[in-house]
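Here the structure comes first, spelled out in structure tokens, and everything after it is commentary.
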Protein chains: 2
Amino acid sequence: MGRQRAGNGGTESLHHSVLDAIGLEITGGVLPEGHGLTLDVIQERFGVSRTVARETMRLLESMGLVVSRRRVGITVQPSSSWHVYDPRVIWWRLAGPGRDSQLRSLTELRIAVEPLAASAAARYATPAQRERLLALAAEMRAHGEAGRLEPFMELDVEMHSLLLRASGNEMFTALTDVVTSVLRGRTQLGLMPHRPVPEALDLHEEVARTVADGDHAAAETAMRRLLAEVRDAMAPIRPRRV
Amino acid sequence: MGRQRAGNGGTESLHHSVLDAIGLEITGGVLPEGHGLTLDVIQERFGVSRTVARETMRLLESMGLVVSRRRVGITVQPSSSWHVYDPRVIWWRLAGPGRDSQLRSLTELRIAVEPLAASAAARYATPAQRERLLALAAEMRAHGEAGRLEPFMELDVEMHSLLLRASGNEMFTALTDVVTSVLRGRTQLGLMPHRPVPEALDLHEEVARTVADGDHAAAETAMRRLLAEVRDAMAPIRPRRV
DNA sequence: TCCCGACCATTGGTAGCACCTTTCAGTGAG
DNA sequence: CTCACTGAAAGGTGCTACCAATGGTCGGGA
């Protein structure tokens, strides 16, 4: 029948929107582990052809969200088999009800990785990257002290991304999106003070300086202290009790 | 025409074998960045239908290995856009010519993550897990001192997997396969001494003991020292000049 | 030379069919 | 009553054919 663009108005391809919908439902717990689906159901629910339903299902399967077996259909998998490093899975979890816990576990990951990334960056960064780091830290101080949170966050994002890239380890670099999401999400959740604390500014400057100087040991500890600061700032998430 | 099973004899689905072949070629550099493909070419080369070719392409696209655009076809993407945490990408890279460098960057990732995982495990592990850790370390000593490398490696795998699982952070737990691959690959590459060095045995025991005792600070440093040992053992792989 | 429109290669999406595997219910024997 | 066999149905797997949309490419006109 050639239905065109079911109304999401986006330029996104069809299977992508279906994927997003189902992915969100699974990661959000609406479709619990063990829940069964069939291609027919997907076709009908989203008004798409079998091809699109199948491609969607393959994508979900490739992320470990479902398995597909003959005669039994499509079965939602437990979260332990999800590919939690897949950018879309991270995105969905950050968009869903598990946002807080996802933010917390990603922050733990940052605490693990970024100090070593800073250390590696101190060793391998190009001169241009070192220079850019210093400039970024200076700009961050300016915006931070003026209380301009948005630009501050963007600079924060760029600085951490740059460090991950400069580390020369593609496993670290690949976490750029993760770190970006955490930083953005943290600001959106209102976990940032209205004005960045002076220590944060100092520590960013120290990281930039030590990396620029090639002092990898100092860069590592500076980043570690910076992230300790971050973790403390995240602490308010936990007592969601009230 | 219904060609059934092109001869690989496996129980794997069709698109999976095609995916493996193309994925290996891309990650292995046989198909360089910018290389063009079309669905027709894939169909013909592997003798599959358009459906299978398309599903394969979607999977490749979802891993960031290619992009597909109308009229222009399928284009191989630069390695910077690959999803390097995807288990299949890791597998392909470990199977291809980049094995050494992949092993090295994954080891760096281990050095970043595992100390914190051990620390978290010291806090959150269940009594059963703590007990198992101690048993594993003891078994490792027995096999290690006897020079039985294979069983030693398997215990090593189990111990590190258990620690990641016990950390309670699903981002850490999801690295189980990565760590397993590194440990196996390291043995296969002959990077292990014929008989595990006594320090490695001591350190494994220390990690197990400190985690079991809930001494998270000591667990973290013990794991850090263990991994420093590991990194030194990897040193024989000469870093490629950039 | 430069811009614009027509063309066409190639993916995106739909429809429908044949086939194969797996499950499950029903049946009969012990 | 239990268990093994059997057969049918369910549902994914793979195939073909066809139309729609799109964006390079190329040629022609200002």
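Order of the sequence lines sets the chain letters (A, B, ...), proteins ahead of strands, with each chain counted from 1. Everything numeric here is computed off the predicted structure, so don't read it as measured data.
Using bins of under 30°, 30° to 60° and over 60° for the plane-to-plane angle, the ring pair B:Tyr85/A:Tyr85 lands in the parallel bin.
Judged by distance alone with a 3.5 Å cut-off, no donor-acceptor contact links the side chain of B:Arg70 to the base of D:dT22.
One atom, CG of B:Asp40, and another, C1' of C:dC8, lie 14 Å apart when rounded to the nearest Å. Separating the CD atom of B:Glu44 from the P atom of C:dT10 is a distance of 13 Å, rounded to the nearest angstrom. Atoms CG (B:Leu39) and P (D:dC15) sit 13 Å apart, rounded to a whole Å. The distance from atom CG of B:Leu59 to atom P of D:dT13 is 12 Å, rounded to the nearest whole Å. What separates NE2 of B:His16 from C1' of D:dG12 is a distance of 17 Å, to the nearest Å. A:Leu14 places its CG atom 13 Å from the P atom of D:dA21, with the value rounded to the nearest Å. Atom CD1 in B:Ile74 sits about 12 Å away from atom C1' in C:dG12, given to the nearest Å. Between the CZ atom of A:Arg54 and the C1' atom of C:dG12 there is a distance of 15 Å, given to the nearest Å.
Base contact: A:Arg50 has a heavy atom under 4.0 Å from a base atom. Within the 4.0 angstrom heavy-atom criterion, only backbone atoms of the sugar-phosphate kind lie near B:Arg69; the bases stay farther away. The residue A:Leu37 sits close only to the backbone: its heavy atoms come under 4.0 Å of sugar-phosphate atoms, none of a base.
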Extract from the structure each pairing of a protein N or O with an N or O of nucleotides 5-7 of chain D at less than 3.5 Å, listing the distance.
none

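A close approach under 4.0 Å does not occur between any side-chain nitrogen or oxygen of B:His15 and OP1 or OP2 of D:dT13.
The minimum heavy-atom distance between B:Val113 and A:Ala112, with the atom names listed, is CA-CB, 4.0 Å. Listed here is the closest heavy atom pair of B:Val48 and B:Ala53: CG2-N, 4.2 Å. Across B:Ser62 and A:Arg88, no two heavy atoms sit closer than the pair O-NH2, 3.2 Å.
The side chain of A:Thr51 approaches C:dT14 more closely than any other nucleotide in the set C:dT11, D:dC15, C:dT14. Among D:dA9, D:dT13, C:dG12, the nucleotide with an atom closest to any side-chain atom of B:Ser68 is C:dG12. When distances run from any side-chain atom of A:Arg58 to the nucleotides C:dT14, D:dG12, D:dT13, the shortest one goes to D:dT13.
Annotation: salt bridge (charged side-chain N to carboxylate O under 4.0 Å, His left out) contacts involving residues 13-31 of chain A, sequence neighbours excluded, comprise A:Glu25-A:Arg45.
When atom types are taken as modelled, the side chain of A:Glu61 and the backbone of A:Ser68 share a donor-acceptor pair closer than 3.5 angstrom. Judged by distance alone, with hydrogens and angles left aside, the side-chain atoms of A:Trp82 form a donor-acceptor pair with the main-chain N or O of A:Gln77 at under 3.5 Å. Under a 3.5 Å cut-off, the side chain of A:Arg184 and the backbone N or O of A:Glu154 do not form any donor-acceptor pair.
Closest-nucleotide positions on DNA chain C for A:Ser49 and A:Val72 were compared, and the one nearer the 5' end corresponds to A:Ser49. Both A:Arg71 and A:Met57 lie close to DNA chain D; mapped to their nearest nucleotides by heavy-atom distance, the more 5′-ward contact belongs to A:Arg71.
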